[in-house]
A.B. asks: 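Please find one structure pasted underneath; my questions will follow.
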Amino acid sequence: MNRAAFFAPFLRGAFIEKTRSPWIIRAAENAGNTAELSITITGEDRSAASISAAIEASSFFREHTLPLSVSLKADGAEYRYLCAPDFYSAEKILRGERTEAWAIDKGTAGPSRADVVRNRVALITGGAQGFGEEITRGLAAVGALVFIADLNMAGAEGLAKQLNGEYGKTVAFPVKVNVAEEESVQAMTEQIALNAGGLDLCISNAGVLRASSILEQDIASFRFVTEVNYTAFAIVSKYCGLLMKAQHETALSWTADIIQINSKSGLEGSNKNGSYAGGKFGGIGLVQSFAKELVEYGIKVNAVCPGNFFDGPLWSDPEKGLFVQYLKAGKVAGAKNIADVKSFYEAKVPMNRGCTGKDVIRAILYLVEQEYETGQALPVTGGQVMLS
Ligand SMILES: NC(=O)c1ccc[n+]([C@@H]2O[C@H](COP(=O)([O-])OP(=O)(O)OC[C@H]3O[C@@H](n4cnc5c(N)ncnc54)[C@H](O)[C@@H]3O)[C@@H](O)[C@H]2O)c1
């Protein structure tokens with residue numbers, strides 16, 4: 001593992017613990033010498049304790065301040081980091097526009113719903129398109145730093161560029177990942193550790209659908225759906241969990257969240273769509289199990305189960321969307337056009353409309369804000385699926 005990425009979450013946790021607010025710890029070889037703290041680590045297993053003790057004993061902390069940069073010496077090598085309460089300020093230090101140490105402002109009251117992810121570091125897999133894009137936009141709008149991780153790098157880059165332009169600062173980073181491959185996911189979390197120091201919110205959203213009768217489905221297609229929707233959630237939870245656990249070692253009072261974007265098909269079966277529903281049901285088993293295990297490290301694990309996103313590409317793509325497919329296949333009796341097919345599906349929802357990105361964002365913010373819940377699957381279906 002990259003050594004600078006290995007130490008970063010311990011450092012970030014120590015800053016969080018002193019301020020009760022999120023920090024950016026950014027690996028940067030040319031970090032400035034102003035307001036710098038030097039820390040020496042002897043022995044990898046003492047990393048967390050050495051970093052916490054060095055900050056506690058430093059003249060910075062005694063003067064109720066925190067350094068702008070840290071030089072960390074371990075195994076005969078030196079690692080340098082910029083330290084700032086948000087990414088924009090980290091960029092200012094790099095440009096030499098900030099030379100004064102940070103005053104410690106220990107927040108006591110909890111943040112309001114709108115501020116619950118402000119300056120927090122968030123990852124969204126499959127963030128380039130569909131629900132993922134909506135969630136990325138929603139999180140950026142409420143002040144999070146978002147890593148847009150996707151197989152479609154051009155899409156992730158385009159969205160990050162657009163958002164950074166819109167906000168006039170870095171609010172989003174594109175990262176290439178295949179969530180079904182362990183090495184790729186590990187490299188993704190290293191990128192996050194090097195650029196932000198740790199992670200507060202992991203949204204495991206990337207998913208695929210290959211609807212088919214079980215009597216006809218090619219088993220390779222069944223396995224593909226299961227790999228992406230089920231196994232990949234475990235891979236993402238493993239590496240994000242390790243990063244969050246390391247951060248928690250120096251920030252015992254801080255909580256982090258892993259949220260799986262599941263589906264209403266994770267709560268009730270889906271006709272001729274077993275590979276999808278089976279993987280989503282399994283996802284809830286993983287959510288409950290990981291929640292029990294990771295609570296020890298301050299990590300909550302929950303699922304959001306959205307209803308159908310009729311306005312997203314899965315349903316509305318004019319060439320391969322489900323509305324076109326269902327119209328051509330005659331799946332909805334009497335339907336003459338796409339509007340007829342859409343009305344048929346909308347009528348299945350008591351609230352008579354599809355789920356939107358806004359509905360999902362509200363559920364995510366609720367789960368992050370709610371400190372007393374873990375292992376839950378929250379339906380966001382307009383009443384179409386009700387828990388018993
Ligand atoms: N669209 C719906 O109606 C609906 C309803 C309920 C739940 N969901 C769930 O929401 C999530 C997003 O669905 P969507 O409809 O927005 O999908 P989408 O197909 O529009 O977008 C999925 C994104 O994930 C990316 N992706 C796919 N495989 C990947 C991989 N192996 N590694 C990294 N990235 C990968 C794609 O490139 C794409 O950007 C899924 O988990 C899905 O099951 C969707």
Side-chain angles (χ1 to χ4, degrees), residues 123-138 147-160 174-189 202-211 223-236 239 259-268 270 273 275-284 286-287 303-317 319-323 325-326 342 345-346 348-349 353-357 359-361 363-364 377-382 384-385:
L123 159 75
I124 164 107
T125 70
Q129 173 186 303
F131 265 145
E133 177 180 349
E134 297 278 312
I135 297 167
T136 297
R137 289 183 184 280
F147 286 84
I148 309 170
D150 209 295
L151 205 52
N152 171 6
M153 189 56 174
E157 278 172 346
L159 181 57
V175 188
K176 169 110 180 157
V177 74
N178 180 350
V179 289
E181 282 179 8
E182 190 168 359
E183 274 179 19
S184 176
V185 173
Q186 183 173 18
M188 170 188 77
T189 50
C202 159
I203 312 277
S204 178
N205 163 80
V208 291
L209 186 148
R210 297 281 183 277
R223 285 209 175 96
F224 168 71
V225 173
T226 308
E227 281 288 304
V228 179
N229 291 355
Y230 177 74
T231 311
F233 173 54
I235 301 173
V236 169
Y239 287 96
I259 298 177
Q260 189 200 27
I261 302 303
N262 197 286
S263 171
K264 72 176 172 52
S265 301
L267 300 170
E268 64 175 29
S270 182
N273 199 13
S275 55
Y276 182 78
K280 292 292 186 183
F281 265 70
I284 292 176
L286 297 181
V287 162
V304 172
C305 299
N308 296 323
F309 179 25
F310 294 136
D311 296 331
L314 177 76
W315 285 85
S316 284
D317 185 282
E319 278 156 30
K320 37 186 193 65
L322 293 176
F323 287 136
Q325 288 185 42
Y326 292 169
K342 192 173 180 193
Y345 282 98
E346 281 173 343
K348 290 176 183 269
V349 184
R353 68 166 174 88
C355 184
T356 65
D359 300 319
V360 174
I361 278 284
I364 289 172
L378 182 62
V380 183
T381 66
Q384 194 174 1
V385 173

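Remember, it's 1-based here, ligands and their atoms both numbered in the order they're listed. Note that these values count all heavy atoms, side chains included, but never hydrogens, waters or copies made by symmetry.
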A.B. asks: So, regarding Phe131 and ligand 1 (criterion: nitrogen or oxygen to nitrogen or oxygen, under 3.5 Å), is there a contact or not?
C.D. replies: yes
A.B. asks: Do the side chains of Phe131 and Leu314 get nearer than 4.5 Å, heavy atoms only?
C.D. replies: no
A.B. asks: Can you list the atoms of ligand 1 that are under 4.0 Å from a heavy atom of Pro313?
C.D. replies: 20 (O)
A.B. asks: May I ask whether atom 13 (O) of ligand 1 is less than 4.0 Å from at least one protein heavy atom?
C.D. replies: no
A.B. asks: Does some non-hydrogen atom of Gly312 fall short of 4.0 Å from ligand 1?
C.D. replies: no
A.B. asks: Kindly say whether Cys305 contributes a backbone atom to a donor-acceptor pair with the side chain of Ser263 at under 3.5 angstrom?
C.D. replies: no
A.B. asks: Atom 35 (C) of ligand 1: which protein heavy atom is closest, and how many Å away?
C.D. replies: Ala206 CB, 3.7 Å
A.B. asks: Check this for me - ligand 1, Val179, N or O atoms closer than 3.5 angstrom, yes or no?
C.D. replies: yes
A.B. asks: Is the shortest N/O to N/O distance between Phe309 and ligand 1 below 3.5 Å?
C.D. replies: yes
A.B. asks: Among all protein non-hydrogen atoms, which one is nearest to atom 21 (O) of ligand 1, and what is the separation to 0.1 Å?
C.D. replies: Gln129 NE2, 3.7 Å
A.B. asks: Report yes or no: does Gln325 contribute a side-chain atom to a donor-acceptor pair with the main-chain N or O of Lys320 at less than 3.5 Å?
C.D. replies: yes
A.B. asks: Please determine whether any non-hydrogen atom of Gly307 lies less than 4.0 Å from an atom of ligand 1.
C.D. replies: yes
A.B. asks: Provide the closest heavy-atom pair for Val179 versus Ala206 in the form atom of the first, atom of the second, distance.
C.D. replies: CG2-CB, 4.0 Å
A.B. asks: Quick one: does any side-chain atom of Asn262 pair with a main-chain N or O of Val304 as donor and acceptor, under 3.5 Å?
C.D. replies: no
A.B. asks: Is Asn262 in contact with ligand 1, taking contact as a heavy-atom separation below 4.0 Å?
C.D. replies: yes
A.B. asks: Counting each atom of ligand 1 from 1 as listed, which ones have a heavy atom of Trp315 under 4.0 Å away?
C.D. replies: 3 (O)
A.B. asks: Give me the residue, atom name and distance of the protein heavy atom closest to atom 24 (O) of ligand 1.
C.D. replies: Gly126 CA, 3.3 Å
A.B. asks: Given Ile203, which of Val236, Leu123, Ile364 fulfils the side-chain contact (heavy atoms from CB on, under 4.5 Å) condition?
C.D. replies: Ile364
A.B. asks: I need the nearest protein heavy-atom contact for atom 1 (N) of ligand 1: residue, atom name and distance, please.
C.D. replies: Leu314 CD2, 3.4 Å
A.B. asks: Is the side chain of Asn205 donor-acceptor paired with the backbone N or O of Gly126 at a distance under 3.5 Å, no angle test?
C.D. replies: yes
A.B. asks: Among all protein heavy atoms, pick out the one at the shortest distance from atom 41 (O) of ligand 1; state its residue, atom name and that distance to 0.1 Å.
C.D. replies: Asn205 O, 2.7 Å
A.B. asks: List the steps, then state whether salt bridge (charged side-chain N to carboxylate O under 4.0 Å, His left out) holds for Arg353 with Asp311.
C.D. replies: CA-CA 10 Å; Arg353 68 166 174 88; Asp311 296 331; over 6 Å; no
A.B. asks: Taking heavy atoms and a distance under 4.0 Å, where does Tyr276 meet ligand 1: side chain, backbone, both or neither?
C.D. replies: side chain
A.B. asks: Please examine the side chains of Thr381 and Val349, heavy atoms only from C-beta on, and report whether any two atoms are closer than 4.5 Å.
C.D. replies: no
A.B. asks: Does Lys264 approach ligand 1 within less than 4.0 angstrom via side chain, backbone, both or neither, non-hydrogen atoms only?
C.D. replies: neither
A.B. asks: Does Gln260 come within less than 4.0 Å of ligand 1, judged by its heavy atoms?
C.D. replies: no
A.B. asks: Return yes when at least one protein heavy atom is under 4.0 Å from atom 18 (P) of ligand 1, and no when none is.
C.D. replies: yes
A.B. asks: At a 4.0 Å threshold, what atoms of ligand 1 neighbour a non-hydrogen atom of Val177?
C.D. replies: 32 (N), 33 (C)
A.B. asks: Of the protein's non-hydrogen atoms, which lies at the shortest distance from atom 22 (C) of ligand 1, and what is that distance?
C.D. replies: Gly207 O, 4.1 Å
A.B. asks: Under 4.0 Å from any heavy atom of Asn308, which atoms of ligand 1 are there?
C.D. replies: 3 (O)
A.B. asks: Any N/O of Leu151 closer than 3.5 Å to an N/O of ligand 1?
C.D. replies: yes
A.B. asks: Can any side-chain N or O of Lys176 pair as donor or acceptor with the backbone N or O of Ala154 at less than 3.5 Å?
C.D. replies: no
A.B. asks: So, for Phe233 and Ser204, which heavy atoms are closest and what is the spacing to 0.1 Å?
C.D. replies: CD1-OG, 3.4 Å
A.B. asks: Do the ring planes of Tyr326 and Trp315 sit parallel (below 30°), tilted (30 to 60°) or perpendicular (above 60°)?
C.D. replies: perpendicular
A.B. asks: Report yes or no: does a heavy atom of Ile261 sit under 4.0 Å from some atom of ligand 1?
C.D. replies: yes
A.B. asks: List the steps, then state whether salt bridge (charged side-chain N to carboxylate O under 4.0 Å, His left out) holds for Arg137 with Glu133.
C.D. replies: CA-CA 6 Å; Arg137 289 183 184 280; Glu133 177 180 349; 3.1 Å; yes
A.B. asks: Is there a donor-acceptor pair under 3.5 Å between the side chain of Asp150 and the backbone N or O of Asn152?
C.D. replies: yes
A.B. asks: Is the backbone N or O of Phe310 less than 3.5 Å from a side-chain atom of Ser316, with the two atoms forming a donor-acceptor pair by type?
C.D. replies: yes
A.B. asks: Could you work out, for atom 38 (C) of ligand 1, the closest of Asn178, Val304, Asn152, Asp150 by heavy-atom distance?
C.D. replies: Asp150
A.B. asks: Which residue holds the protein heavy atom closest to atom 6 (C) of ligand 1, what is that atom called, and what is the gap in Å?
C.D. replies: Pro306 O, 3.4 Å
